[in-house]
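Notes for the one structure printed next.
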Amino acid sequence: MKEGVGVNLAYHRDGVTEVSPIRWASVTTPWSSMRFVSGAFCPLCLRKQLYLQRTWDHRLVTSCPKHGVLLIDRCPECGLHLSWNRPGIATCRCGYDLSLSAPVTIDTDATAFVKELATTGDQKVFAALDALFEGLLPILDKVGSLTEQHKLVELAVSGIRRPESLVPLVANYILDNECGGLSVHPRITCLPLLASGNTVVQEFGVLVLRELDLRGWLPASSIEEVPGQTGIREAAALLGLTEDLTKKLVHHNILCGKRNKSGHAWRIENSSLNRLLMDLENRKSVVKDAISVFLYRKIPGPRHSLAEAISDIIAGALVSGGFDLASGLESLTVVAPARKVCAHWDDCVTVAELAERCNVHTENIRFAIKAGVIPAEKRVTNSRRMTVIGVSDAEKFEKDYIFAGSLARQIGASVTNFAEKLMSTGIRPVSGPKVDGGLTYIFLRQDLEALDLGAVAALENYPTRTGRKKLGLAQHTIESTISLAKAAKALGLTVQRTKGLVPKGLLEAAEYGGRALQINRDSFDRLKSMLDDQNLITIDDAAKIVGETRSAFEYRWVHTHLVTVIDLGVRRVIRRECLEEVQRYKRIFITADEAGKLLGSHRSLLPNWERRGLIAPEKVMESKIVGVKLYRRTDFDRLRLLKEYSGPSNEHK
Ligand SMILES: [Zn+2]
Ligand SMILES: [Zn+2]
């Protein structure tokens, strides 16, 4: 018979397997928290009455409050741990009468606290205390004698009562243990806290990291080899990333890991985790204007995945502003480099190339792609994604369609209001400001075949956007353009910033050689009307309306393509319909973050439930950065009631 099995069987369980949680006093506790291999006892209690108390079976009970003494878990005679297979309750295998052991007086406050929690059934606090004890064990390295364990219980109790008193102690311990800098990254040292199944303990780990950050810890010059391996969930918690992103780091050979034989469970080498974090710390520069590595991929130019960005940082090809110790790699920042991608295929052209061929700004091509006038696809080159247009599609577009502006330039006419002049002859554009909100008008070439374009360009009497009739050349000049300074004033911007809207395609420069820059009135009106459009709302306001920070709003709804952002140069806006869609989603679904906030705990709550098969995400919004899981609110409410009814007793697996 295996040692301890008899004691193990003496308890009720919250499940059917050998490792199901144990019912102890009025609380539930993981089986691993019980002293099933080797027991402990109070020698004075044993002298009085020859039976073993159940309270001694839990590892958090290290003293006897009744007698004010430390428990004993070794035979004072032979020095071995107490075996459950001993000849008698008070007789060691060496024959020693255990009740004769000399008692050691000790402060028993912590044990009294543990017992009170267990008796009153304060499951939440009890589970947190036990999990904190578990998390502190490897960090403070107090695993030896019962005296040390007692000390650790006292620390854990103080950490539960007043975290702010224990945090500096733990930080001190981590810093004092190393001279000449830390050779193991603090996030690795704090892994037992960060990856704890208990949210109180996870948050405690974050507090310790904040404290270390404040103290200004330093990495050692040499990196220590950390033995062992870590599961993917723990590795993700350690890095502060999702499991998917962590796996990607393995695929890119940034982390060393492999799957087990069944191909499901991952094991990541601890040394590779330490090397990655330390490499990033050592390559951190103090830089202005560093941006999030995730946002970095959104700006034009080379596209980086997180893994590629990290590879580049380690290779010295990309400057990093480092990451926040307490939040992990999700806060990694980089400085955008000035590198350009060169990609050439025989069967397609890039947006920039087509724009050059059509003699228009690239934004015009992008809008035409969005409007569905030009078919396009995404391709990957050197691991960068870019939009390309097939050569035959590009040729067909050039053959079938034409931009009003480039047509005007071709025939040497003024670009100003050329589209309006064309439309005044009864021709309808396929895309443009009044058609689909496009930036510029696109016409079908065959519609123009019968026209005398020179005559159209010379038209002076035509309806403009504002519905006025053009009367004479002088007035035409005044009305069809606006000076840069006036435009800036009307938009409430500096001249410099207004000028910057021209290359973005948001304002068109009118072609009047030799004079100060004039803005095409039509493009100005268009931008102004969009800025005044009540149907467009700034992304900041939208985030406020749904009660989220802007970054959370972008992360959940913009990156997942539910909401399209229109960059007006001056401000970034979204359509009200998009906002309503978000509100509709929020009524039906809940995210892991929100669930965590509602219950006042960490966001891992729902993923925990999901792992245990209690709830499944109904919708997963994919994005290039990270998917956002949406859980049905009614499911969540049901589980929440259940949880409140039974307590978080199943928090441990
Ligand atoms: Zn006692
Ligand atoms: Zn003995």
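Remember, it's 1-based here, ligands and their atoms both numbered in the order they're listed.
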Give the C-alpha distance, both sets of side-chain angles, the deciding distance and a yes or no for salt bridge (Lys or Arg N to Asp or Glu O under 4.0 Å) between Glu281 and Arg187.
-> CA-CA 12 Å; Glu281 295 286 359; Arg187 285 192 73 91; over 6 Å; no
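- Heavy atoms only, all atoms of each residue included: Phe553 and Val582 are closest at CE1-CG1, 4.2 Å.
- Protein N/O/S atoms found under 2.8 Å from the Zn ion (ligand 2), listed by chain and residue number: Cys75 SG, Cys78 SG, Cys92 SG, Cys94 SG.
- At a cut-off of 3.5 Å, with distance as the only test, no side-chain donor of His252 or Ser311 sits close to an acceptor on the other residue.
- Nearest approach of Gly121 to Val27, heavy atoms of both residues: CA-CG1, 3.8 Å.
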Could you walk me through whether Leu117 and Leu60 pass side-chain contact (heavy atoms from CB on, under 4.5 Å), step by step?
-> CA-CA 11 Å; Leu117 289 178; Leu60 290 183; over 6 Å; no
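- Nearest N/O/S atom of His67 with respect to the Zn ion (ligand 1) is recorded as ND1.
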Check against side chain to side chain donor-acceptor pair (under 3.5 Å), Ser33 and Arg59 = CA-CA 6 Å; Ser33 301; Arg59 63 175 177 184; 3.3 Å; yes
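- Considering the Zn ion (ligand 1) as centre, the angle to SG of Cys42 and to SG of Cys64 is 110° (10° rounding).
- Defined by atom type and a distance below 3.5 Å, a donor-acceptor pair is present between the side-chain atoms of Ser63 and Thr111.
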